[in-house]
Amino acid sequence: MSAASIPNEGEEQKQNFFPTLGDVADRTDALKGEDGETDEREMQEIESLCMRCHDNGTTRLLLTSIPYFKEIVVSSFRCDHCGHRDTEIQSAGEIQPKGVVYTVHLLTRADLDRQLVKSNWATLSIPDLQLTIPPGRGQINTVEGIIRDTVRDLNISQPVRRVMDPETGKKIDDMLEKLRNLINMEVEDGDDGGVGVDDEDVRKPSEAPLQEHEEQPFVPFSMVLDDPSGNSFFSFKDSPSDAQWNMRAYNRTFDHNVTLGLVAKPDELEEGGAVPLDEQHKLSSLEEFEAKRAKEGEVVPEEVFSFPSACSSCGHQLETRMQQVNIPYFKDIIIMAANCYACGYRDNEVKSGGSIADKGKRISLKVEDEEDLSRDLLKSDTAGLEIPEIDLHLQPGTLGGRFTTLEGLLNEIYTELSTKVFRTGDSLTSGIGQINNEGQQGERKFETFLKGLKDCISATKPFTLIIDDPVSNSYLQNLYAPDPDPNMIIEEYERTFEQNEDLGINDMVLEGYDKEAEGTA
C-alpha cells in the first residue's frame with residue numbers, strides 16, 4: 001500500500017469495524033490453514049434460543065458495509081435441532097435527514113432480480129394487489145425473494161385460518177394466488193420458506209423439471225418502498241436515470257420523528273436558546289417581508305428579519321431568518337436560514353429578490369485549475385447544470401437553490417449521487433453482491449462516472465460547466481469583473497413555450513384581467 005493511500009486513524013478504525021464483503025472474504029481466505037479451518041473468524045458467533053423448538057441454536061453476526069451505501073449488521077440464525085434458519089439486517093449508520101420513497105415499475109421477468117435493502121422502519125407495498133407489508137425486520141433481498149417470503153408468511157397459518165375464519169382464509173388464498181402468479185411460483189413450491197429443511201436438501205431452481213410447471217406470461221406491476229429513516233434502497237438499472245426507477249425524498253412528519261426516537265414530545269422538550277431580534281424585525285409570515293420589500297426604504301440590506309415556521313425535519317416550531325443581500329454585478333437575493341433547537345436540523349435556501357427576467361441565461365465556464373473552483377456560485381431552483389465531459393446532467397430543481405462555491409456545489413452533487421449506489425466495488429464480485437455480467441457493466445459504468453466527477457472536484461483535468469437558467473436568476477463569479485472573463489461565456493436566449501409552461505408564465509395575466517369584472521359592474 002502506498003503512503004498516499006494510507007487512511008488516518010479514524011478511517012482505519014471504521015474500516016476495521018465495517019469492512020466490505022470483499023475484504024471479509026479475502027481475510028478469511030488468508031486465515032485458512034492447510035486443513036481449511038480458521039483460527040480467527042470475521043463473524044461473531046453467539047449461542048441463542050430457537051423460537052421454533054426452544055432449544056439452543058447459533059446466531060452469526062457480521063459487521064460490514066455496502067460500498068457507497070451504508071454500514072449494516074448482518075445476522076444469520078440456524079438451529080441444528082429443528083433445522084430452522086433466519087437472516088436479518090440492521091442499519092448501523094445514522095438516520096438520514098429525510099425520508100425516502102422508491103417507486104419501481106417491474107416490466108419484465110428480469111426485473112424480479114432487482115435487489116433492495118429494507119430497513120426495519122420501511123413499508124413495502126404492491127399497489128396493483130392492494131398489498132402492504134408493514135415495518136418489520138430488516139432485509140437484503142430481491143423482489144422475487146420478498147414475494148416468496150410473503151407467500152411463506154401468509155401461508156403458515158392458513159390451514160387453521162380456513163377452519164376458524166373461512167371468509168378471511170378465502171381472501172388470503174386469493175392474495176396468495178395473485179402473488180404466486182407474479183413470480184410464476186407453484187402452489188407447493190417453497191410455501192413454507194424452507195423451514196426445517198437442511199441446506200443440502202433444498203431443491204435448486206435449476207433442478208426443477210421444466211415440464212412440471214408451465215411458465216405463465218409476466219404481468220407488469222409496481223412496488224413502492226417507503227422508509228421515513230432514509231436507510232432503505234431499491235436498486236436501479238445502470239444509472240439513476242432508469243426510466244422504471246424513481247426516488248423521492250420527503251420531509252418527515254412529527255409523528256415519524258417521534259417513532260424513530262429522534263425527538264421528544266413537545267411537553268418533554270427543554271427551551272432552546274437563540275439570538276434575540278428586535279421586535280420590529282419579527283414578522284408574522286414571509287408575505288409580510290415581501291410587502292416590506294415592495295415599499296421603498298422599508299428593508300435595509302444587511303438587516304435580519306424572522307418569521308415563525310415549522311421544522312421540516314421534526315415538526316417543532318422554530319424561527320426562519322432572512323436577509324436581503326446584494327451580489328455585485330448581479331442583483332439582490334434573499335438568504336433564508338432555519339435552525340431547530342429541538343432536533344438540531346439546519347437548512348438554508350436562496351431566493352431571487354427580483355422579477356422574472358424577459359430572457360433565459362446560459363453560463364458556460366471552462367474550468368482549468370483549482371482557482372476556478374473557488375468562484376462564488378448562485379444556483380437558483382430553476383437552473384439546470386451540465387458537465388459534458390463526464391455526461392452529467394442535472395434537471396432544474398435538483399438540490400434546490402444554493403449559494404456556495406463551485407467546489408462546494410460539486411461536492412454536494414457527488415455526495416448525493418454516491419450514496420445512491422447499491423452495489424459497487426468489491427460487492428460486485430463477492431457474497432450477496434454477485435450479479436450477472438450485464439448488471440456489472442452498468443454499475444462499473446456508474447463507478448467510472450463517479451471517478452470522473454471526483455477528478456472534476458480536484459481539477460485534475462479541465463472540464464466545462466454549463467448552468468442553464470430560464471429565468472436568469474443564477475450567477476457565477478467573474479474573477480475579472482467588470483472586464484469580461486476569457487473563460488466564461490454568458491448567452492441570453494428566448495424561452496420556449498414549454499419552458500414558460502413549466503414556469504407557469506403562460507397562465508399569468510398581468511394586464512386586463514379585471515375587464516370582465518368591469519363589464520358586469
Side-chain angles (χ1 to χ4, degrees), residues 8 11 68 94 96-98 230 240 249 312-313 320-339 344-353 361-421 449-469 471-481 485 487-490:
N8 59 40
E11 291 176 345
Y68 296 105
E94 62 182 7
Q96 303 306 302
K98 293 186 177 182
S312 59
S313 177
T320 296
R321 302 191 173 200
M322 69 191 88
Q323 181 180 8
Q324 181 174 300
V325 178
N326 178 264
I327 299 180
Y329 308 104
F330 187 53
K331 61 174 69 172
D332 290 336
I333 64 170
I334 300 171
I335 298 179
M336 305 173 63
N339 185 7
Y345 175 74
R346 294 184 179 185
D347 188 28
N348 62 78
E349 189 175 357
V350 179
K351 292 184 177 294
S352 171
K361 181 186 294 184
R362 184 180 295 106
I363 305 173
S364 301
L365 174 67
K366 186 67 175 179
V367 179
E368 297 179 342
D369 51 37
E370 292 184 357
E371 185 179 3
D372 289 326
L373 296 176
S374 64
R375 294 175 185 251
D376 290 333
L377 182 147
L378 170 64
K379 176 193 170 298
S380 75
D381 52 5
T382 58
L385 185 144
E386 296 181 27
I387 300 180
E389 287 81 357
I390 61 174
D391 198 24
L392 171 65
H393 302 274
L394 293 186
Q395 298 300 321
T398 306
L399 297 179
R402 287 290 186 270
F403 186 31
T404 178
T405 62
L406 176 54
E407 182 180 8
L409 182 65
L410 293 179
N411 273 315
E412 286 191 48
I413 295 173
Y414 181 85
T415 301
E416 182 70 18
L417 292 179
S418 63
T419 56
K420 301 298 182 270
V421 182
F449 162 77
L450 289 178
K451 184 179 182 301
L453 181 56
K454 200 67 175 178
D455 291 339
C456 293
I457 295 175
S458 58
T460 54
K461 63 178 181 180
F463 64 93
T464 305
L465 176 76
I466 302 174
I467 300 176
D468 191 343
D469 192 346
V471 295
S472 299
N473 282 337
S474 295
Y475 162 82
L476 187 58
Q477 183 183 10
N478 179 358
L479 299 179
Y480 300 86
D485 190 325
N487 291 333
M488 186 187 301
I489 300 176
I490 300 178

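The chain is numbered in sequence order, starting from 1. The analysis underlying the following values was restricted to heavy atoms, covering all of them including side chains, and did not include hydrogens, waters or symmetry mates.
The CG atom of Leu373 sits 11.0 Å away from atom CG of Leu409, with the distance rounded to the nearest 0.5 Å. For the atom pair OG1 (Thr415) and CG (Asn411), the distance works out to 6.0 Å, reported to the nearest 0.5 Å. Rounding to the nearest 0.5 angstrom, the gap separating the CD1 atom in Ile467 from the NZ atom in Lys361 is 10.5 Å. The distance from atom CE of Met488 to atom CD1 of Ile363, rounded to the nearest 0.5 Å, is 6.5 Å. Taken to the nearest 0.5 Å, the CD atom of Glu371 stands 10.0 Å off from the CG atom of Asn487. For the atom pair CG of Leu365 and CD of Gln477, the computed distance is 11.0 Å after rounding to the nearest 0.5 Å.
The salt bridge (Lys or Arg N to Asp or Glu O under 4.0 Å) test applied to Asp381 returns no partner, not counting sequence neighbours. Legend: residues meeting salt bridge (Lys or Arg N to Asp or Glu O under 4.0 Å) with Arg362, ordered by chain and number and at least two apart, are Asp468. With sequence neighbours excluded, no residue satisfies salt bridge (Lys or Arg N to Asp or Glu O under 4.0 Å) with Glu370. Thr320 meets the side chain to side chain donor-acceptor pair (under 3.5 Å) test with Ser309; sequence neighbours excluded.
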Side chain to side chain contact (heavy atoms under 4.5 Å, CB included) assessment of Asp372 paired with Leu465: CA-CA 11 Å; Asp372 289 326; Leu465 176 76; over 6 Å; no

Side chain to side chain donor-acceptor pair (under 3.5 Å) between Ser380 and Asn473, worked out: CA-CA 6 Å; Ser380 75; Asn473 282 337; 5.3 Å; no

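In terms of heavy-atom proximity, Tyr414 sits nearest to Leu453 at CA-CD2, 3.7 Å. Pairing each heavy atom of Lys366 with each of Pro462, the nearest pair is CE-CB, 4.3 Å.
Applying the side-chain hydrogen bond (donor to acceptor under 3.5 Å, both in side chains) test to residues at least two apart or on different chains, none of the pairs has a partner in residues 451-460.
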Taking distance alone, no hydrogens or angles, what donor-acceptor pairs closer than 3.5 Å link side-chain atoms of residues 387-397 to residues at least two apart or in another chain?
unit_1, atom_1, unit_2, atom_2, d
Glu389, OE1, Thr464, N, 3.1
Glu389, OE2, Thr464, N, 3.2
Glu389, OE2, Thr464, OG1, 3.1
Asp391, OD1, His393, NE2, 3.0

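Arg375 pairs in a side chain to side chain donor-acceptor pair (under 3.5 Å) with only one of the listed residues (Thr405, Asn478, Asp485), which is Asp485.
By the 6.0 Å contact criterion, CG on Leu479 is enclosed, its count of non-hydrogen atoms from other residues, nucleotides or ligands being greater than 12.
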